[in-house]
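Notes for the one structure printed next.
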Amino acid sequence: MTDIPKSHPRYASLVARERVAEGVKRGFTSSQGLIAQGRGECFDYLLGEKTTESAARATHVAAAMLLAAKRPALSVNGNVAALVPEEMVKLASILKAPLEVNLFHRSEERVKRIADLLREHGATQVLGERPDAIVPGLDHARAKATRGGIFDSDVVLIPLEDGDRCEALMAMGKKVIAIDLNPLSRTSRQATISIVDNILRAVPNLTAKAKELSAMPRADLEKVVQGYDNQRSLRQAVREIQDHLNSQFRS
Ligand code: ATP
């Protein structure tokens, strides 16, 4: 990878860009993943490259929802594998949830590379290599899912997902938690909980919250989730962007 000096003002963003580019070179991220990363970077810039209040609140509620789930599952695509493989394995371990490789541009080789990468990072339960079910309403390659994983989960975490798949999972009656820097994306607007934050910050924050809440009885976790309103949270995210932008200029 290119050597980026830590003192560079855009260090975190440049490292992320390098990781996704490296993911493409190593064959687990598709070239379209570079475009998704660029779009994410733009929204992160608008947010001030920090975890906002609304994102912290959504992360807290998402941790409670995942802990209260009967069958949680975590989805991993090529960008997620490039950016936070180790962090996703840690989250899966705290939640005792399977990781399932789920690709928009599916190739069996890429699925295997990502599954191997997750196993190298210590994952014990990686699904997606032998799909045995179909998510209704999607075209065949993108509909592939696995029993015991996303297919029969009650709560599913879908970082950096596209709107169609989010909609199809919601239509199956699942609770869907998105991580997406774009508060206006179809995914963000449809999900049960949208964490409008960079996955680099969101996954470690989610793991820390899950650890903090792990001893809470299910009834109390459900109370944390009650009353959360995703549309209100997205409106707040847009206001946070506006406030950040207004703060950049002298009056
Ligand atoms: P939709 O169909 O939901 O409207 P889209 O067509 O914009 O979404 P993609 O192009 O697949 O979806 O991109 C996935 C989403 O992931 C984008 O909204 C982008 O902002 C977001 N994203 C990209 N990189 C990151 C990142 N590092 N952290 C969080 N979100 C990201």
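Atoms within a ligand are numbered from 1 in the order they appear, just like the ligands themselves.
- Among all protein heavy atoms, the one lying closest to atom 1 (P) of ligand 1 is Gly163 N, 3.6 Å.
- Scanning the protein for heavy atoms near atom 28 (N) of ligand 1, the closest one is Ile199 N, 2.9 Å.
- In the hydrophobic clustering of ILVMFWY residues, with side-chain heavy atoms under 4.5 Å counting as a link, Val135 and Leu157 come out apart.
- Checked by atom type and distance alone, the side chain of Ser185 pairs as donor or acceptor with a backbone atom of Ser188 at under 3.5 Å.
- Using a 4.0 Å cut-off between a side-chain N of Lys or Arg and a carboxylate O of Asp or Glu, Arg119 and Glu129 qualify as a salt bridge.
- For atom 8 (O) of ligand 1, the closest non-hydrogen atom on the protein side is Ser185 CB, 4.1 Å.
- Salt bridge status for Glu49 with Arg201: absent, with no side-chain N to carboxylate O gap under 4.0 Å.
- Using a 4.0 Å cut-off between a side-chain N of Lys or Arg and a carboxylate O of Asp or Glu, Arg186 and Asp164 qualify as a salt bridge.
- Of all atoms in ligand 1, numbered sequentially from 1 with element shown, those under 4.0 Å from a heavy atom of Asn182 are 18 (O), 20 (O).
- The closest side-chain heavy-atom distance from Lys50 to His244 is below 4.5 Å.
- Between Ser54 and Val196 there is no side-chain heavy-atom pair separated by less than 4.5 Å.
- Nearest-residue assignment for atom 12 (O) of ligand 1 (options Glu41, Arg165, Glu161, Arg19; heavy-atom criterion): Glu161.
- In terms of protein heavy-atom proximity, atom 3 (O) of ligand 1 is nearest to Thr187 OG1, 2.6 Å.
- For atom 11 (O) of ligand 1, the nearest non-hydrogen atom of the protein is Asp162 CB, 4.2 Å.
- Within the 3.5 Å criterion, the main-chain N or O of Gly40 finds no donor-acceptor partner in the side chain of Asp44.
- Residue contacts with ligand 1, taken as heavy atom pairs separated by less than 4.0 Å, involve Asp197 solely via the backbone atoms N, CA, C and O.
- Taking only nitrogen or oxygen atoms, main chain and side chain alike, Phe43 does not reach within less than 3.5 Å of ligand 1.
- On a distance-only criterion, Asn198 and ligand 1 share at least one N/O pair closer than 3.5 Å.
- Distances from ligand 1 to the non-hydrogen atoms of Leu200 include no value under 4.0 Å.
- Counting protein heavy atoms only, atom 23 (C) of ligand 1 is closest to Ala36 O, 3.0 Å.
- Taking any N or O of Leu83, backbone or side chain, none lies under 3.5 Å from an N or O belonging to ligand 1.
- Annotation: Arg39 places an N or O atom under 3.5 Å from an N or O atom of ligand 1; distance criterion only.
- Each of Thr51, Ile195, Val203 was compared with Thr59 under the side-chain contact (heavy atoms from CB on, under 4.5 Å) criterion, and only Ile195 meets it.
- For Arg142 against Leu103, the heavy-atom pair with the smallest separation is CG-O, 4.3 Å.
- Looking at Leu181 next to ligand 1, an N or O pair under 3.5 Å apart turns up.
- A salt bridge does not link Lys112 to Glu108: none of the charged side-chain nitrogens sits closer than 4.0 Å to a carboxylate oxygen.
- Considering backbone and side-chain N/O atoms, Asp180 comes within less than 3.5 Å of an N/O atom of ligand 1.
- Of the protein's non-hydrogen atoms, the one nearest atom 4 (O) of ligand 1 is Arg186 N, 3.0 Å.
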